[in-house]
Amino acid sequence: MKAIRRFTVRTVLPEPIAALDTLATNLRWSWHQPTRELFESLDPVLWEESRHDPAGLLGLVTREQLQRLALDTDVVERVRAAEEDLRRYLEEPRRYQELGEDVPQCIAYFSPEYGITEVLPQYSGGLGILAGDHLKSASDLGVPLIGVGLLYQAGYFKQSLSRDAWQQETYPVLDPDALPLTLLREADGTACVVTLPLPNGRKLHANIWRADVGRVPLLLLDSNMPANDDGARSITDRLYGGGGDHRLQQEILLGMGGVKALRIFQRLTGRPAPEVFHTNEGHAGFLGIERIQELMSGPAPLTWDEALVTGRASTVFTTHTPVEAGIDRFDAAQIKYFFDAGLAPDVPTAKVLELGRESYEGGDPSVFNMAVMGLRLAQRANGVAKLHGRVSREMFSGLWPGFDHSEVPITSVTNGVHVPTWVDPQIEAMAEELAPGGTVGARWDVVFNVPDEKIWEIRRQLRGRLIEDVRRRVRAAWGKRGAGEAELTWTDSVLNPDVLTIGFARRVPTYKRLTLMLRDPARLKRLLLHPEHPIQIVIAGKSHPADDAGKKMIQDLVHFTDDPEVRHRIAFLPNYDIAMARTLFPGCDVWLNNPLRPLEACGTSGMKAAINGSLNLSVLDGWWDEMYDGANGWAIPTAGGSSSPQERDAVEAAALYELLETQIAPRFYGASGTGAGAESAGAAGPSIERRGPEGVPVHWISMIKHTLSHLGPAVSADRMVLDYIRELYTPAAKAGRAVRAEDYRLGRELAAWTKHVRSNWSQVHVEHIDSGGLSEVPQVGDKLAVNAYLNLGVLGPADVLVELAYGKVDESDQLNGVGLAELEPSENLGNGRYKFSGAVTIEHSGAFGYTVRVIPRHKGLASKAELGLVVNA
């Protein structure tokens, strides 16, 4: 019989061990090894049955067992000590508290997904894992950050394979009461509710669930409540589920409902209002509209222009995609339909539409672009790696016409990974043994004091643990595909703990090229079965349910892995998630990444491998483009830009095979030339001989030590969050304070000035330029004096920045290595005409050129290009 209703019964803990509930509901346990060990020690069998979920474990323990634990003085003391350790972690000052008064008092971080633990499956891939790591490092550093997102009833899908290896999706429904969440309630005990108007007089209501990520509260909005009609209840049904109106309503709830949830949380807790709003990708962009609505309807109402300027000053927007297809774009009519229902009653719908309109050369004016809106609503923006920053500046350059791509105001903060989450306990213990105390991230250099033999043994142990997990998962996957027990004895010999192991795991859009390794199947087979230097490969990844091209890639790969000749050397693992990653990253010797350059925004999976001593083998894209140094792995050469897709794949696959065959495998097995012996028929794998004088490949170990010591601190999410604080959060907080001060005096002034400048910018032009001061034959050391005669119309010299741009020129008179010098107003010529003058010293020989440009200037602007206005001579 099927139940008509289900609910979760909470465990009542005896008072001496009641703190276990606090320890289970604060997600710090997901990265704090001592807390996990405490729960495991309560009942190791149930710990495995609960899939390492503390709340799930407590739900499985019987009342009698709980009573026995409460009488065990050792258990009681360990629970008390763990609770005290958590209390200190939550309350004592941390690094952020040492940064001074300029840093924000509170930061709101909005993201559509969060990958914190497999117990809370609210993530699909890199964006969510990055958001989870951001919250964890913010907690560790003591950053006063609040996360905002949605609670999806089914999270992302679970993946399995059909008999023919086609991806199958299932959506198990989650019970919030069984998750490490608490429902936000008013003082009288009633649930807090966010309400938004929908077209045709309908309403969208959402509860607010709170997860505690260490010190960071995460607010998740849930539309699955009885007050909603069926359509509204299903808005938060699945992560990235549905299309069109469904996706748009999710993003309206995330952005606008998220701000309302924040205000309720502030009221209930007394926390300060966020001074900075961080929009993690365009999905949450409507938060800017809700903030404008607040400012236009507040006790001292601002106009649209004033509210826009004020909201922008304290907003940070992060773009995560280098491809147009990765951006959410809606029909402008859809946006009008929903906003005409009164979502922001004081904000003119036409103004909302203009924010997302692709009103630039090459854009589609009928489309509402969420990333474009995000950029227009934020005074500061960034990509997620240096290369991605350059790609983003080019991709969105249409918003700043007349400026060189290098001047487009999109900076970059390279992503990082939360080290305590992703570093294996054995790697951490190795550091702890040599440098007790502190955190693993502060002790990367001690790896040079670890004997090569110990590192080699730890790596073999990690590889062996991965292989155990792979065998279990392969067996389960074949069982779901319909194989019987008699067909599965071969799974006991999948992979070999002494063979070079390569990992590849990520989402499976076509640009990540899951099947590049299959470009020459015969050559791949030879690499897998090489008599002296064999390799083995572990692969995982999910394709979006609507992406049949990605599913076909998975199917093609799995068909190859099904071949009895090689299936002991290559495995595809369904349902890639955080739990799988915990053995996969540490267990691989080499992490493979071969996207189409430059379509990988960052790609943090290789970072997680690196902090566990794995070496990267990757196309120079994303983070690897800036952090590869020749000693921490290998770079796969890329084909020229003029190559066809087929030629490019052929060239890059051949380069991949060549690296594996001639450099990577021989180095792993030792430079002496002795490696794996010939395989006997039916053997589980090769017999690996000694690899050098001490039985270890010295060069390989030196690369591991170099990787840990150099990449460890560089790829840390602590470094990333501190970069955000220094480069984006603190400037945004200071700008926000400035525009709000004295009843928004600067905000009102900047809005009026911006409107005045935009309205009259067409009058500004450069009439004439003259120069002097050079020798008859110009030479290095000469001083070039320039006078520029400008007509500013109704604007004044204080409204503009006049710059002399100079440098070497190419055959088409394009300036290269541009230098800039400010020209000062030297004479008022009347009728809006002014003379500006200045000089520069010529430092280089060769072809030299210069020009003059005029840009709006105001102390409230964050960059020269902010308004997208420039007049070039």
Side-chain angles (χ1 to χ4, degrees), residues 379 393 397 400-409 735 738 746 749-750 752-873:
Q379 196 174 38
R393 288 189 285 275
S397 60
W400 293 274
F403 288 91
D404 289 345
H405 292 167
S406 62
E407 295 182 293
V408 168
L746 178 60
E749 174 194 312
L750 179 56
W753 177 86
T754 300
K755 187 174 183 178
H756 175 62
V757 168
R758 286 193 183 282
S759 300
N760 296 288
W761 192 250
S762 60
Q763 301 176 25
V764 177
H765 58 278
V766 181
E767 294 183 336
H768 173 65
I769 299 171
D770 64 36
S771 62
L774 300 178
S775 310
E776 186 172 336
V777 178
Q779 53 190 304
V780 173
D782 280 359
K783 185 162 284 190
L784 172 67
V786 174
N787 296 311
Y789 298 85
L790 311 182
N791 191 328
L792 300 181
V794 299
L795 302 184
D799 295 320
V800 297
L801 169 66
V802 182
E803 288 185 323
L804 173 66
Y806 60 94
K808 292 185 176 182
V809 291
D810 60 21
E811 294 178 352
S812 60
D813 287 338
Q814 288 292 317
L815 288 169
N816 296 309
V818 177
L820 296 170
E822 182 176 346
L823 302 184
E824 300 287 349
S826 56
E827 188 175 352
N828 184 342
L829 303 175
N831 297 319
R833 298 174 63 249
Y834 297 88
K835 175 184 174 184
F836 284 73
S837 305
V840 294
T841 301
I842 298 177
E843 303 287 357
H844 301 285
S845 59
F848 182 90
Y850 68 91
T851 187
V852 170
R853 68 178 184 178
V854 188
I855 306 168
R857 170 155 65 182
H858 191 282
K859 64 182 180 180
L861 300 179
S863 75
K864 296 175 184 178
E866 182 169 329
L867 298 188
L869 300 175
V870 61
V871 171
N872 292 305

Would you find a donor on one side and an acceptor on the other, under 3.5 Å apart, between the side chain of Gln379 and the backbone of Gly860? yes
Looking at every heavy atom in both Ser837 and Lys835, which two are closest together, and how far apart are they? OG-CE, 3.6 Å
Not counting sequence neighbours, which residues clear salt bridge (Lys or Arg N to Asp or Glu O under 4.0 Å) with Lys864? List them please. Glu803
Within the structure provided, determine whether Asn787 and His768 are in side-chain contact (heavy-atom separation under 4.5 Å). no
Where Val818 and Ala805 come nearest, the two heavy atoms and their spacing: CG1-CB, 3.9 Å
Side-chain heavy-atom pair Leu861, Leu750 within 4.5 angstrom cut-off: yes
Within-4.5 Å side-chain heavy-atom neighbours: Trp761 and Val800: yes
For the residue pair Ala865 and Trp400, what are the closest heavy atoms and their distance? O-CD1, 2.7 Å
Find out whether Leu746 and Lys859 are in side-chain contact, i.e. whether some heavy atom of one side chain is under 4.5 Å from a heavy atom of the other. yes
Side-chain donor or acceptor of Glu407 paired with backbone N/O of Phe403 under 3.5 Å: no
Which pair of non-hydrogen atoms, one from Ala788 and one from Leu823, has the smallest distance, and what is that distance? CB-CD1, 4.0 Å
Mind telling me whether Tyr834 and Phe836 have parallel, tilted or perpendicular rings, with 30° and 60° as the class edges? perpendicular
Once rounded to the nearest 0.5 Å, what's the spacing between atom OH of Tyr806 and atom OG1 of Thr851? 14.0 Å
Please determine whether the number of non-hydrogen atoms from other residues, nucleotides or ligands lying under 6.0 Å from atom NE2 of His844 exceeds 12. no
Compare every heavy atom of Ala839 with every heavy atom of Lys783, then report the nearest pair and how far apart it is. CG-CB, 3.8 Å
Leu790 side chain reached by Val802 side chain, heavy atoms, under 4.5 Å: yes
Do Val786 and Ile769 have side-chain heavy atoms sitting under 4.5 Å apart? yes
Salt bridge (Lys or Arg N to Asp or Glu O under 4.0 Å) partners for Glu822, two or more places apart: Arg857
Would you check if Thr754 and His858 make a side-chain contact, meaning some heavy-atom pair closer than 4.5 Å? no
Nearest heavy atoms of Val870 and Asn872, plus distance in Å: CG2-OD1, 3.8 Å
Measure the spacing between CG of Asp799 and CG of Leu792 and express it to the nearest 0.5 Å. 8.0 Å
Please report the interatomic distance CG(Leu815) to CZ(Phe848), rounded to the nearest 0.5 Å. 8.5 Å
Answer yes or no: is there a side-chain heavy-atom contact under 4.5 Å between Ile842 and Leu774? yes
List in chain and number order the residues that pass side chain to side chain donor-acceptor pair (under 3.5 Å) with Asp810, two or more places apart in sequence or in another chain; answer none if no residue qualifies. Ser812
The reported gap from NZ in Lys808 to CD in Glu843 (rounded to nearest 0.5 angstrom) is 12.0 Å
